[in-house]
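Okay, structure first, notes after.
In listed order, ligands and their atoms are each counted from 1. Worth knowing before you read on, the calculation uses all heavy atoms, side chains too, and leaves out hydrogens, waters and symmetry mates.
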Amino acid sequence: MSNIKVINPATEELVTTIAADTEETIAEKYALLRKGQPAWAARPLSERLACIEQFYNLLEAEKETISLSLTTEMGKPLQQARNEINGARGRIRFFIDHSEKWLSPEWVNSEGGTKEKITYEPLGVIANISAWNYPYLIGVNVIIPALIGGNAVFYKPSEFTLLTGQHIRDMIYKAGVPENVFQMAAGGGAVGGMLLELPLDGYFFTGSYKTGQYIASKVAPKMVPCQLELGGKDPLYVADDVEDIDKVAEAALEGVVYNNGQSCCAVERIYVQEKVYDAFVQSISAQSAKLVVGDPTDPSTEIGPLSRKEQADFLKSQIDDAVGKGATIVAGGNPVPAKGYFISPTILTGVNHSMAVMKAESFGPVIGIQKVANDEEATQLMLDTEYGLTAAVYSSDFDRAEKIMQLMNTGTVYWNCCDRVSAGLPWSGRKHSGLGATLSFAGIRAFVQPKAWHLRG
Ligand code: NAD
């Protein structure tokens with residue numbers, strides 16, 4: 001059994017080591033889940049919901065400990081870790097309050113010679129292979145509705161947030177979910193690969209397009225649901241009729257740098273109409289220069305380290321590529337600690353779509369701003385992407401913004417806001433951003449299968 005090192009990205013120090021699973025332990029865990037799932041599904045929905053309510057309470061009770069643990073292993077500022085847990089609780093509350101409505105049997109026709117109804121049955125034993133950037137939020141999107149729906153869950157957190165994975169597992173057990181209904185797999189891609197070899201009844205993945213595409217190809221012959229929440233290259237457009245350019249710049253900057261830009265729906269490229277371009281660039285650059293980068297446990301810190309060492313080199317390569325092709329760095333160079341995976345938030349102007357920073361997912365605090373003549377040019381550039389997660393339009397005129405939003409081939413559109421997710425709305429990506437939806441009614445029904453009953457007599 002190999003060991004996985006948990007490294008603090010702010011200090012580069014070893015926090016602990018965790019034993020990875022092996023083919024034998026994965027097989028044992030799978031056997032447990034297969035055996036336990038039918039009894040879990042047979043329990044009344046109210047009992048399953050009561051366990052989830054306990055989990056919801058535990059997240060609050062243990063918030064300080066688990067926030068610090070998350071910050072220690074992935075580097076997000078402590079307050080953002082607390083915010084993530086609060087956000088995860090909000091999503092769980094949505095699932096608790098709305099699951100009965102979407103999972104109860106429905107009579108389509110309850111009179112006459114042939115009665116007809118629909119019931120919703122669990123998929124069975126499902127895998128959740130997950131990313132590290134928002135482990136609580138993306139974890140609960142799958143784990144909670146899957147358990148409520150009567151499934152057993154084989155949860156594989158990212159190898160970069162294993163402590164959080166363990167906390168989630170322990171709190172799930174403490175909340176009353178049996179060990180033969182929830183199991184965690186510890187490891188990296190190889191252990192994820194072991195889950196792909198199992199005869200599971202559904203695969204729910206959050207991560208990169210590259211891994212997602214591989215998983216989809218491996219799962220396809222099994223003929224079971226395979227849902228993918230992948231990356232994005234999300235555009236934000238600032239039209240020339242915005243009322244308060246500083247406020248728009250502030251919102252856009254937050255969309256770029258919150259969680260150090262490591263959000264699937266982070267603002268990844270900005271287009272600004274030429275009349276307000278100079279004012280916008282001036283404002284966002286000035287605000288960016290004030291961002292405090294440093295120790296994520298210090299309450300004054302706004303930007304912590306990147307979670308992964310390689311990511312700093314990747315972002316530097318995007319910046320070099322852009323500068324080599326004629327872009328200008330208008331903000332960057334904020335002081336950063338000598339140790340740790342830190343990078344100064346960087347804003348580039350004079351960019352175009354020949355540059356990687358405008359086409360490939362950055363997943364960090366680096367942004368290109370491109371000047372556009374009008375809404376048509378903005379729309380055309382916003383659509384020039386392989387991804388389809390979100391798109392944002394800032395304008396004081398809803399009709400004008402709506403025309404652009406209607407043309408976006410994305411799962412989500414924003415008017416005068418960005419980088420947000422709501423439990424009541426479906427979260428879904430198109431094209432290379434994914435398949436299927438979590439959250440909302442769609443994210444409850446995703447974990448069950450309908451059965452049609454034709455009843456005579
Ligand atoms: P990743 O694809 O590297 O890894 C995701 C998970 O897949 C990890 O648990 C990893 O161990 C596992 N994995 C890797 N190789 C595998 C293989 N061959 N077989 C099975 N499992 C394998 O992604 P990441 O770096 O953890 O996450 C960042 C990406 O996730 C970004 O692209 C981001 O945009 C995306 N993301 C999307 C959403 C969304 O809701 N759309 C949310 C969060 C993150």
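- Looking only at atom types and distance, the side chain of Tyr258 has a donor-acceptor partner in the side chain of Asn83 under 3.5 Å away.
- Contacts between Glu159 and ligand 1, counted as non-hydrogen atom pairs separated by less than 4.0 Å, involve the side chain only.
- Some N or O of Lys156 is nearer than 3.5 Å to an N or O of ligand 1, by distance alone.
- Remark: ligand 1 atoms within the under-4.0 Å shell around heavy atoms of Gly188 are 11 (O).
- Ion pairing between Lys316 and Asp320 fails under the 4.0 Å rule for side-chain N and carboxylate O.
- Residue Ala131 approaches ligand 1 through these ligand atoms, each under 4.0 Å from one of its heavy atoms: 26 (O), 27 (O).
- Under a 4.0 Å N-O distance rule, the pair Lys29/Asp21 qualifies as a salt bridge.
- In Ile129, the part holding a heavy atom less than 4.0 Å from any atom of ligand 1 is the side chain.
- Among the atoms of Thr211, some N or O lies under 3.5 angstrom from an N or O of ligand 1.
- Of the heavy atoms in Ser263, none comes closer than 4.0 Å to ligand 1.
- Residue, atom and distance of the protein heavy atom nearest to atom 37 (C) of ligand 1 are Leu230 O, 3.0 Å.
- Of all the heavy atoms of Tyr214, the ones lying under 4.0 Å from any atom of ligand 1 belong exclusively to the side chain.
- Less than 4.0 angstrom separates some heavy atom of Leu196 from each of these atoms of ligand 1: 19 (N), 20 (C).
- Residue-level proximity to ligand 1 for Phe363 is carried by the side chain, the only part with a heavy atom below 4.0 angstrom.
- Ligand 1 places these atoms under 4.0 Å from at least one heavy atom of Trp132: 24 (P), 25 (O), 26 (O), 27 (O).
- Partners of Phe280 by ring pair (Phe, Tyr, Trp, His ring centres under 6.0 Å), not counting sequence neighbours: none found.
- Because its NZ or CZ atom is not both nearer than 6.0 Å to the ring centre of Tyr155 and within 45° of the ring axis, Arg169 does not count as a cation-pi partner of that residue.
- In this structure, atom 35 (C) of ligand 1 lies nearest to the protein heavy atom Gly207 O, 3.2 Å.
- Contacts with ligand 1 closer than 4.0 Å are made by side-chain heavy atoms of Phe205 only, the backbone lying farther away.
- In terms of protein heavy-atom proximity, atom 6 (C) of ligand 1 is nearest to Ser130 O, 3.3 Å.
- Between Arg34 and Asp201 there is a salt bridge, with a side-chain nitrogen of the basic residue lying less than 4.0 Å from a carboxylate oxygen of the acidic one.
- Between Lys63 and Glu60 there is a salt bridge, since at least one side-chain N of the basic residue sits less than 4.0 Å from a carboxylate O of the acidic one.
- The proximity of Lys210 to ligand 1, defined as any non-hydrogen pair under 4.0 Å, does not occur for either the backbone or the side chain.
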Assess whether side-chain hydrogen bond (donor to acceptor under 3.5 Å, both in side chains) is satisfied between Lys76 and Asn133, documenting all intermediate values. CA-CA 9 Å; Lys76 70 175 69 193; Asn133 59 329; over 6 Å; no
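- Shown in contact with Glu361 at under 4.0 Å from a heavy atom are these atoms of ligand 1, numbered in order with element: 31 (C), 32 (O), 33 (C), 34 (O).
- Given atom 23 (O) of ligand 1, the protein heavy atom at minimum distance is Ser208 N, 3.4 Å.
- Near Trp427, the atoms of ligand 1 lying under 4.0 angstrom from a non-hydrogen atom of the residue are 39 (C), 40 (O), 41 (N).
- In terms of polar-atom proximity, Thr206 is not counted as a contact of ligand 1, lacking any N or O under 3.5 Å from an N or O of the ligand.
- Checked against the 6.0 Å centroid criterion, the rings of Phe363 and Trp132 qualify as a close aromatic pair.
- Contacts classified as salt bridge (charged side-chain N to carboxylate O under 4.0 Å, His left out) and involving residues 412-441 (residues at least two apart or in different chains) are not found.
- By the criterion of a heavy-atom distance under 4.0 Å, neither the backbone nor the side chain of Val191 is placed next to ligand 1.
- Classification of Glu386 and Lys233 as a salt-bridged pair fails, no side-chain N sitting under 4.0 Å from a carboxylate O.
- A salt bridge links Arg93 with Asp97: at least one charged nitrogen is closer than 4.0 Å to a carboxylate oxygen.
- On a distance-only criterion, Arg308 and ligand 1 share at least one N/O pair closer than 3.5 Å.
- Close contacts between ligand 1 and Asn133 involve ligand atoms 43 (C), 44 (C) [criterion: under 4.0 Å to a heavy atom].
- Here the side chain of Glu73 pairs a donor or acceptor atom with the backbone of Leu162 at under 3.5 angstrom.
- Between Pro145 and Gly443, the closest heavy-atom pair is CB-O, 3.4 Å.
- Looking at Asn141 against ligand 1, nothing comes within 4.0 Å, counting heavy atoms.
- For atom 36 (N) of ligand 1, the nearest protein heavy atom (residue, atom name, distance) is Cys264 CB, 3.6 Å.
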Stepwise side-chain contact (heavy atoms from CB on, under 4.5 Å) check, Glu64 with Arg82: CA-CA 7 Å; Glu64 283 312 302; Arg82 294 188 189 107; 2.8 Å; yes
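- Annotation for ligand 1: atoms under 4.0 Å from non-hydrogen atoms of Gly189 are 11 (O), 13 (N), 14 (C), 15 (N), 16 (C), 17 (C), 19 (N), 20 (C), 22 (C).
- Geometrically, ligand 1 and Ile215 share no nitrogen or oxygen pair separated by less than 3.5 Å.
- For atom 21 (N) of ligand 1, the nearest protein heavy atom (residue, atom name, distance) is Gly192 CA, 3.5 Å.
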For a side-chain contact (heavy atoms from CB on, under 4.5 Å) check, start with the C-alpha distance between Leu147 and Phe55, then their side-chain angles and the critical distance, and finish with the verdict. CA-CA 12 Å; Leu147 289 174; Phe55 180 65; over 6 Å; no
